[in-house]
Chemist: 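My questions all concern the structure below.
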Amino acid sequence: MTAAARGGHGSTRPRGTLLRATCGELAPMARQAPFPTGVRRAHVAHRARVNAPRFENSVRAMTATGGDAVAMGWAATTGPDRDTARQLLETQLPRRWRHVQAVAAKAERISAAVPVDDRQVLVASAWLHDIGYSPDLVDTGFHPLDGGRWLRRAHHDDRVAALVAHHSCAWLEAEERGLDKVLTAEFAREDTPVTDALCFCDLTTGPDGQDFEVHARLAEIRSRYGAGHVVTRFIVRAEPEIVAAVQRTERRLAGTTRQPT
Ligand SMILES: [Fe+2]
């Protein structure tokens with residue numbers, strides 16, 4: 001159990017505290033009645049497969065009004081996103097599934113590159129960023145847009161849907177495909193450490209999940225699709241933005257840029 005959660009069970013803890021515990025720690029807590037001392041109200045969400053960011057928002061609202069809350073850990077909250085990606089990719093696109101697993105693992109490893117409150121969103125987006133490749137989801141044939149639309153139809157968190165729709169400079173590929181107005185109209189594009197970190201994870205991870213230096217990864221994409229292909233045209237145009245996003249993330253990880261708390 002985290003230090004915050006351990007401390008939260010004492011009577012001296014100030015009211016309105018957000019406690020954090022893993023799913024395994026929450027299970028026995030949930031069986032207690034009443035809840036542990038000092039925990040006036042608990043959300044035990046690991047059984048409900050809740051939408052993680054929405055759950056976090058409800059926790060924030062509760063603590064802001066002086067209530068206490070127990071928040072489940074990342075492993076529990078990202079489980080449904082991992083399961084969604086697995087169902088859509090593992091059997092039909094096993095190579096893509098290997099890539100996605102490595103991208104999500106990297107997102108967890110480098111999550112210090114984004115503010116604490118954004119880390120869950122980063123990992124969720126990493127799991128879901130390529131679901132638009134699934135034959136079950138193909139609509140326009142442009143995987144970021146198809147993935148974002150599917151997530152929205154599934155009532156997933158809108159920020160995650162938008163991050164998926166715009167991931168790794170997708171707006172530039174949308175221009176190449178004549179879909180830029182559609183993409184922009186349907187999904188707001190954020191420009192934050194999260195977008196940089198998601199791009200970093202995707203563009204330093206190869207199609208089989210292997211690590212790549214970003215320029216080598218871009219060369220791999222150009223070679224795989226071939227000259228003249230829309231993806232190659234996009235990658236050539238996007239290279240400066242992609243490299244800049246990777247370098248910003250590396251600087252944040254190196255601690256040269258302070259993250260807001
Ligand atoms: Fe990807």
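Note: hydrogens, waters and symmetry copies are ignored here, and every other heavy atom, side chains too, is used. Start at 1 and go down the list; that is how both ligands and their atoms are numbered.
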Chemist: Check for a donor-acceptor pair, side chain of H167 on one end and backbone N or O of L198 on the other, with a separation under 3.5 Å.
Modeler: no
Chemist: Can T140 and D146 be counted as having a side-chain donor-acceptor contact under 3.5 angstrom?
Modeler: yes
Chemist: Please indicate how many protein N/O/S atoms are found closer than 2.8 Å to the Fe ion (ligand 1), with waters neither displayed nor included.
Modeler: 4
Chemist: Using atom types as modelled and distance alone, determine if a side-chain donor or acceptor of S111 lies under 3.5 Å from a backbone N or O of E108.
Modeler: yes
Chemist: Under a 3.5 Å distance rule, please check whether D208 uses its side chain to pair with a backbone N or O of Q210 as donor and acceptor.
Modeler: no
Chemist: Against the six-membered ring of Y133, is R96 placed for a cation-pi contact (under 6.0 Å from the centre, within 45° of the normal)?
Modeler: yes
Chemist: If we ignore hydrogens and angles and just use 3.5 Å, is the side chain of R224 paired with the main-chain N or O of P207 as donor and acceptor?
Modeler: no
